[in-house]
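I have placed the structure first, in the form of structure tokens, so that the comments after it can refer back to it.
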There are 2 protein chains.
Amino acid sequence: MNTDTSTQFSNSVRENGLRMTKQRALILDILRKSQEHLDAEALHDRAKKLDPQIGLATIYRTLALLKNFGLVNEYDLGEEHGHFETTPLTPHHHFTCLGCKKIIEFEIPCIDSFIQDLLLGDEMIVTRAHISFEGYCSSCRGKLGA
Amino acid sequence: MNTDTSTQFSNSVRENGLRMTKQRALILDILRKSQEHLDAEALHDRAKKLDPQIGLATIYRTLALLKNFGLVNEYDLGEEHGHFETTPLTPHHHFTCLGCKKIIEFEIPCIDSFIQDLLLGDEMIVTRAHISFEGYCSSCRGKLGA
DNA sequence: TTTACTGCAAAACATTTGCAATGAG
DNA sequence: CTCATTGCAAATGTTTTGCAGTAAA
């Protein structure tokens, strides 16, 4: 089990002739420890607390790298800009409440076979599914009077 | 049936104390006649052929208006910026081929009840579902050797 | 030592906004 | 006439890039 994301990253990085820097380690660490869906700016703010010199460009460059290695995923939540989280062990999708902006994660059982069935007949390969919902959570729904 | 989108739009616009301008008519007309998924820039290019003075800001403002009226939909296709199409009679979703960039539309039968089932137990209201796929179409898949 | 990586500032984009002029009703 | 709408240009907000200096390996 013990899939240490940092070690995994260090190895991947070195195998590709890249370098493990303190900035990269820091960014991955923040992402791993956070349960939230951070955007680049929020990540930068947190990173600056531990390394005041770190630049926003480094955040973006590292995020792109982590995405390529499949260690983080970027989500389009609602209409906004990109949010990131480390690749979850159990894939899930996101529901954004338009009232309180809370993000609720949920699993879609058998999503892969569902997608397979959909495209049966068409001979495409699906490498990625973007699935997210917007609406109102139970408490905001109450406030709207439903 | 004959749901003339332009007439429908004219009426909606006037009912709300807004005005029907030649720019708005032109933009909706281009969108209706196009089977593609245009972005604001592409729409602007086409509009300029018929009205060289039309500004990009007008495209954005009109697109926002049409979205509010539910006459056009905006899609996040892959990682890129917004693409638009007039609201289809039969709802569908999009598959973007990473090889040739072609967009393939397909229906998901019973999508609403599928979403209902997913959230059963959680008491949320889903007002919008973002669902799109990326991958390789049958011909690009061939080129990759699969 | 080598050269990948960083910080910074500037550039690149997509989209929005302020404002005086225009035109639909 | 009124004031919603437009075109333009400037402003915004996010992400990318060029480059000289820094630091992993």
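Hydrogens, waters and symmetry mates play no part in the numbers below; they use all other heavy atoms, side chains included. All chains are named by letter (A, B, ...) in the order of the sequence lines, taking the proteins before the strands, and each is independently numbered beginning at 1.
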Exercise. Is there a side-chain contact between B:Ser132 and A:His130, using heavy atoms and a 4.5 Å cut-off?
Worked result: yes
Exercise. Does A:Arg24 make a side-chain N or O approach to OP1 or OP2 of C:dT6 shorter than 4.0 Å?
Worked result: yes
Problem set entry | Under 3.5 Å donor-acceptor, B:Thr87 side chain and B:Gly70 backbone | yes
For this session: Specify whether A:His37 and A:His92 have parallel, tilted or perpendicular ring planes, treating 30° as the upper limit for parallel and 60° as the lower limit for perpendicular.
Result: perpendicular
Exercise. C:dT16 P sits how many Å from B:His81 NE2, rounded?
Worked result: 13 Å
For this session: Could you state the atom-to-atom distance from NE2 of B:His83 to C1' of C:dA14 in whole Å?
Result: 12 Å
Seminar exercise, completed: Here the distance between atom C1' of C:dT16 and atom CD of B:Glu41, to the nearest Å, is 14 Å
Exercise. Would you call A:Arg24 and A:Ile27 a side-chain contact if the rule is heavy atoms closer than 4.5 Å?
Worked result: no
Problem set entry | Whole-Å distance separating the CZ atom of A:Phe9 from the C1' atom of D:dA24 | 14 Å
Exercise. Which whole-number value in Å describes the distance from A:Phe84 CZ to D:dT15 P?
Worked result: 7 Å
Problem set entry | Under 3.5 Å: donor-acceptor pair, side chain of A:Thr62, backbone of A:Thr58 | yes
Problem set entry | Protein-nucleotide distance (A:Tyr75, atom OH; D:dT14, atom P), rounded to Å | 21 Å
Problem set entry | Residues B:Tyr75, B:His94; criterion ring pair (Phe, Tyr, Trp, His ring centres under 6.0 Å); working and verdict | CA-CA 9 Å; B:Tyr75 296 100; B:His94 301 88; 4.1 Å; yes
Exercise. Where along residues 47-62 of chain A does a heavy atom come under 4.0 Å from DNA chain C, residue by residue in number order?
Worked result: A:Gln53, A:Ile54, A:Gly55, A:Ala57, A:Thr58, A:Arg61
At a cut-off of 3.5 Å, list every protein nitrogen or oxygen paired with a nitrogen or oxygen from nucleotides 20-25 of chain C, distance to 0.1 Å.
residue	atom	partner	partner atom	Å
C:dG23	N2	B:Arg19	NH1	2.5
C:dA24	O3'	B:Met20	O	3.3
C:dA24	N3	B:Arg19	NH1	3.4
C:dG25	OP1	B:Arg14	NH1	3.1
C:dG25	OP1	B:Met20	N	3.4

For this session: Whole angstrom is fine here: how far is it from CG in A:Leu28 over to P in C:dC5?
Result: 15 Å
Seminar exercise, completed: To the nearest 10 degrees, the angle between the two end axes of the helix from C:dT1-D:dA25 to C:dG25-D:dC1 (five pairs per end) comes to 30°
For this session: Mark yes or no for whether A:Thr127, through its side chain, and B:Glu134, through its backbone, hold a donor-acceptor pair below 3.5 Å.
Result: yes
Problem set entry | Between P of D:dT16 and NZ of A:Lys67, the distance in whole Å | 8 Å
Exercise. Any side-chain donor paired with an acceptor under 3.5 Å for B:Glu74 and B:His83?
Worked result: no
Seminar exercise, completed: Contacts of B:Thr86 meeting side-chain contact (heavy atoms from CB on, under 4.5 Å) (sequence neighbours excluded), chain-then-number -> B:Leu28, B:Leu31, B:Arg32, B:Val72
Donor-acceptor list for residues 42-54 of chain A side chains, cut-off 3.5 Å, not counting sequence neighbours:
residue	atom	partner	partner atom	Å
A:His44	NE2	A:Ile54	O	2.9
A:His44	NE2	A:Leu56	N	3.4
A:Arg46	NH2	A:Glu36	OE1	3.2
A:Arg46	NH2	A:Glu36	OE2	2.9
A:Asp51	OD1	A:Gln53	N	3.2

Problem set entry | Which residues share a side-chain contact (heavy atoms from CB on, under 4.5 Å) with A:Thr7, sequence neighbours left out | A:Asp4, A:Asn11
